[in-house]
Amino acid sequence: MLIGAFCLWHIAAIFSYSIYHVEEVPVLQWISDQRSFFRPYVLTTSQWQRWNLFSPDPLRRVIEVDIEQRIHGQWIRVYTLNEHSISWWQRAPELKTMRRMEDDDKEALRERYLLDYCRTRDIPIGTQLRMIKRWHVIPKHEKIYDTEWWQNWQPDWNEHIDVSVTCTAT
Amino acid sequence: MRSIIRYIDRFFFAETNAAAFGLMRIAWAATVLAFLFGSAPDVMRYYSEAGILPAELGHLVFRNEYRYSLLLYITEPHAVIALWSIFVVCLICMMIGIWPRLMTITSVLLLFSFHERNLQPLGGGDTVLRNIGFLLMIAPEISAFSIARLEKQWLSWKSTGEYLKPLRTHIWPYRLLLWQVIIIYVTSAWDKTQGTMWSAGTVVEAAFHHTHFARWSKDFMDSVSWISPYACFYTIIWEFSWLLLLVPRELWMVRPRWMHRFSLRRWIILGGVIFHWGIFVFMDVGSFPFAMSTAFLGLLLDEDFEMFIRVLNKRFTGKIVVLYDGQCHLCQRSVFILQLLDQLHRLEIVNFRDPKQRKKYAAKITEDDLDRAMHIKLPDGTYYKGFFAFRKIAWHLPITRFFTPLFYIPGMPFVGKRIYARIAERRKKCRDDGCVI
């Protein structure tokens, strides 16, 4: 009896916690509204989830990050964080980390990323580093384009000087 | 009312084969282990106070309630590496099945701890591993295909000459797993209908040109972009098709009779295997295909295992007679292992020390010859002995089948024959507690 009740509870909890965009379906909206009721259980058991995989539309913004070091008064690029600079087994988590720290309110995380670069590369204390963010957006198509169109397409890169830090003893 | 209660009781507590969750335990541990090794160079960076996410910046990344992680207390880099190493050991034990229950609970809780410490590197596959890890942790029977189970089998076989009955378990963990998988795909499909590119069929061509995910060069991805509308269509239809598994089995009887022999669940799972490994060929999406394939293993039922055996035995009739020495301890243990691995039920084990049996299966072979090496008799009457018999049997055991071609590499028969002869020569020195080879 207890196990049956637990199963029903778990089924309801993860359902309520994973539905989005249900404003036009009253029943689903009501279930979604019960989320706060299931919140302690779902979060405590680490069962939180959201399945917006390549949706509603896929991620089209491609970013990469350059790290520049101040050497003899000039900024010299010392590292580029992109899919080519990371081993294949580290690619998914590291690129995900880069995408997630890109938002405007995550500036402190990007500074910390630079300080971590100082630490892991043994860069002398007092050295200045800065981050250059580069990005382009893959076009959004409402119809299929042929292979030739894609062969002629080239990304239109933008560049932005982002955060800078002075290496410290972290 | 009573019939409703009976239906609910059957729905959650009917018995099913425990092998599926045993396989899922192994695959889960192997997947987590593989990706944990991948993150080895970054353990300090991702999870320690010295890394990219110290506690003071945590508010930018994670919630501040109902969050539990050992790594909130273990923050010093070397201590984090020590915990990571313990995690690796637990996963190995979980995979091979040493204290499967304890190791599964510890491994799942450690996975939660690492994930809750830093959400930034996590992807969909990590979420799936957390979700199905929780189900493994609470499932009543997960010890199939474990060392712990092997020990029990050996004790039973040694004392009674019988194997234990196949493990059975209640079906409710399967129901929860199926629900979890339905949630993943159907909510994902629903989310896709909220955009415009999936219905336009242009998602895959855009994703193929996202360099974070594309596995091949731009030229190659350009040339395969034409599959985009078909892949988009397939994805939406297949993801929504999981809803069909909510239809009670009784209602499916309205289908035409010729359709009854097709299992909808099996076709949908097969569609999932094609879907995920198709993505894997073209795109790097982290652990997602591995995690979903792990979940699919847990969705196998009795009828699926029976179907696998039926299909693999389609072109095989009869039995392979294995003539072994019933007076030799090593031979008895070998036969014990052989029978455990004989999932396709193709072997018939015969003790040649029994005169009646010897007369029936190997009348033309002397006892001295049988004593020198293991003999087998194939259904067509052909005999093989020693290394060649061992190699022949290896083709028929699912677990050894994949590396059997290695025994055909030039030079291997020469080495194999010598190793076999050495073992056979000394086999009588073996007792139940070990051998002097």
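Numbered from 1 within each chain, the chains take letters A, B, ... in sequence-line order.
- Asn131(B) approaches Ser46(A) most closely through the heavy-atom pair ND2-O, 4.3 Å.
- By the 6.0 Å contact criterion, NE2 on His78(B) is open, its count of non-hydrogen atoms from other residues, nucleotides or ligands being 12 or less.
- Counting non-hydrogen atoms of neighbouring residues, nucleotides and ligands closer than 6.0 angstrom, the CH2 atom of Trp153(A) exceeds 12 such neighbours.
- Taking the side chain as every heavy atom from C-beta outward, Leu8(A) and Phe12(B) approach each other to under 4.5 Å.
- Most heavy-atom pairs under 4.5 Å with chain A: of the set Asp219(B), Val285(B), Thr127(B), this distinction falls to Thr127(B).
- Chosen from Ile19(A), Thr147(A), Leu109(A), the residue pairing most often with chain B at heavy-atom distances under 4.5 Å is Leu109(A).
- Annotation for Trp226(B): atom CH2 does not count as buried by contact number, only 12 or fewer foreign heavy atoms lying within 6.0 Å.
- Rounding to the nearest 0.5 Å places OG1 of Thr45(A) at 5.0 Å from CZ of Phe134(B).
- Contact annotation for Phe213(B): only side-chain heavy atoms (C-beta onward) come within less than 4.5 Å of a heavy atom of chain A.
- Residue Tyr79(A) qualifies as enclosed at atom OH: its count of foreign heavy atoms under 6.0 Å is above 12.
- Interface remark: Ile5(B) contributes no atoms to any contact with chain A (heavy atom separation under 4.5 Å).
- Atom CD of Glu15(B) has more than 12 heavy atoms from other residues, nucleotides or ligands within 6.0 Å.
- Judged by distance alone, the side chain of Asp57(A) and the main-chain N or O of Met197(B) form a donor-acceptor pair under 3.5 Å.
- Across all their heavy atoms, Trp48(A) and Arg63(B) have their closest contact at NE1-NH1, 3.4 Å.
- Comparing Asp146(A), Leu59(A), Asn82(A) by heavy-atom pairs within less than 4.5 Å of chain B, the highest count is held by Leu59(A).
- For the 3.5 Å distance criterion, the side chains of Gln180(B) and Gln49(A) qualify, holding a donor opposite an acceptor.
- The local environment of CZ in Phe6(A) is crowded, with over 12 non-hydrogen atoms from other residues, nucleotides or ligands closer than 6.0 Å.
- Residues Pro56(A) and Gln194(B) come closest through the heavy atom pair CB-C, 3.9 Å.
- Summarising the geometry of Ile14(A) relative to Trp179(B), their closest heavy-atom pair is CD1-CD1, 3.6 Å, with the distance given to 0.1 Å.
- Atom CD of Gln74(A) sits in a sparse spot, with 12 or fewer heavy atoms from other residues, nucleotides or ligands closer than 6.0 Å.
- The CD atom of Glu111(A) sits 14.5 Å away from the CD1 atom of Ile52(B) when rounded to the nearest 0.5 Å.
- When all heavy atoms of Cys7(A) and Leu176(B) are compared, the pair lying nearest together is O-CD2, 3.8 Å.
- Close approach to chain B, defined as a heavy atom under 4.5 Å from one of its heavy atoms, is seen in Trp88(A), Trp89(A), Gln90(A), Arg91(A), Ala92(A), Pro93(A), Glu94(A), Leu95(A), Lys96(A), Thr97(A), Met98(A), Arg99(A), Arg100(A), Met101(A), Asp105(A), Lys106(A) of residues 85-107 of chain A, taken by number.
- Note that CZ of Phe62(B) is 14.0 Å distant from CG of Leu43(A), once rounded to the nearest 0.5 Å.
- The candidate from Arg175(B), Glu65(B), Arg215(B), Arg67(B) with the greatest count of non-hydrogen atom pairs under 4.5 Å with chain A is Glu65(B).
- When each of Pro40(A), Pro155(A), Pro139(A) is scored by its heavy-atom pairs under 4.5 Å with chain B, the top score falls to Pro40(A).
- With respect to chain B, the highest number of heavy-atom pairs below 4.5 Å among His141(A), Arg60(A), His10(A) belongs to His141(A).
- Listed options Phe35(B), Tyr185(B), Trp172(B), Phe208(B) were ranked by heavy-atom pairs under 4.5 angstrom with chain A; first place goes to Trp172(B).
- In terms of non-hydrogen atom pairs under 4.5 Å with chain A, the most contact-rich of Tyr68(B), Tyr46(B), Phe37(B) is Tyr46(B).
- Contacts between Thr211(B) and chain A at a heavy-atom distance below 4.5 Å involve backbone atoms as well as side-chain atoms.
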Review point. Between Tyr20(A) and Trp190(B), is a ring pair (Phe, Tyr, Trp, His ring centres under 6.0 Å) present by the stated rule, with each step listed?
Key: CA-CA 9 Å; Tyr20(A) 289 85; Trp190(B) 176 257; over 10 Å; no

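- Of the residues considered (Ile184(B), Thr235(B), Leu122(B), Leu57(B)), Ile184(B) shows the highest number of contacts with chain A, using heavy-atom pairs under 4.5 Å.
- Classification of the Trp51(A)-Phe288(B) ring pair by plane angle, with boundaries at 30° and 60°, yields tilted.
- Of the listed residues (Asn52(A), Ile144(A), Leu114(A)), the greatest number of heavy-atom pairs within a distance under 4.5 Å of chain B belongs to Ile144(A).
- In this structure, the side chain of Asp222(B) does not engage the main chain of Glu148(A) through any donor-acceptor pair within 3.5 Å.
- Interface remark: Arg50(A) contributes side-chain atoms only to the contact with chain B (heavy atom separation under 4.5 Å).
- Among Phe54(A), Tyr113(A), Tyr117(A), the residue with the largest count of heavy-atom pairs under 4.5 Å with chain B is Phe54(A).
- Counting heavy-atom pairs closer than 4.5 Å to chain A, the top-ranked of the candidates Gly51(B), Gly133(B), Ala189(B), Ala207(B) is Gly51(B).
- Note that OG1 of Thr120(A) is 6.5 Å distant from CZ of Arg45(B), once rounded to the nearest 0.5 Å.
- When each of Thr193(B), Thr187(B), Asp191(B) is checked for a side-chain contact (heavy atoms from CB on, under 4.5 Å) with His21(A), only Asp191(B) meets the rule.
- Nearest heavy-atom pair across Glu205(B) and Trp150(A) is OE1-NE1, 3.0 Å.
- Looking only at side-chain heavy atoms (C-beta outward), Ile63(A) and His212(B) come within less than 4.5 Å of each other.
- With a threshold of 4.5 angstrom between heavy atoms, Val108(B) does not approach chain A through any atom at all.
- Contact annotation for Ile8(B): neither backbone nor side-chain heavy atoms come within less than 4.5 Å of a heavy atom of chain A.
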Review point. Does the pair Thr202(B) and Tyr145(A) meet the rule for a side-chain contact (heavy atoms from CB on, under 4.5 Å), with working shown?
Key: CA-CA 8 Å; Thr202(B) 56; Tyr145(A) 281 62; over 6 Å; no

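- Taking a 6.0 Å sphere around CD1 of Ile161(A), one finds it holds 12 or fewer heavy atoms contributed by other residues, nucleotides or ligands.
- For a residue to count as touching a neighbouring chain, one of its non-hydrogen atoms must lie under 4.5 Å from one of that chain's; by this rule Ile132(B) does not touch chain A.
- Only the side chain of Val25(A) comes within less than 4.5 Å of a heavy atom in chain B; its backbone stays farther off.
- Every ring pair (Phe, Tyr, Trp, His ring centres under 6.0 Å) that His170(B) has, sequence neighbours left out, goes to Phe13(B).
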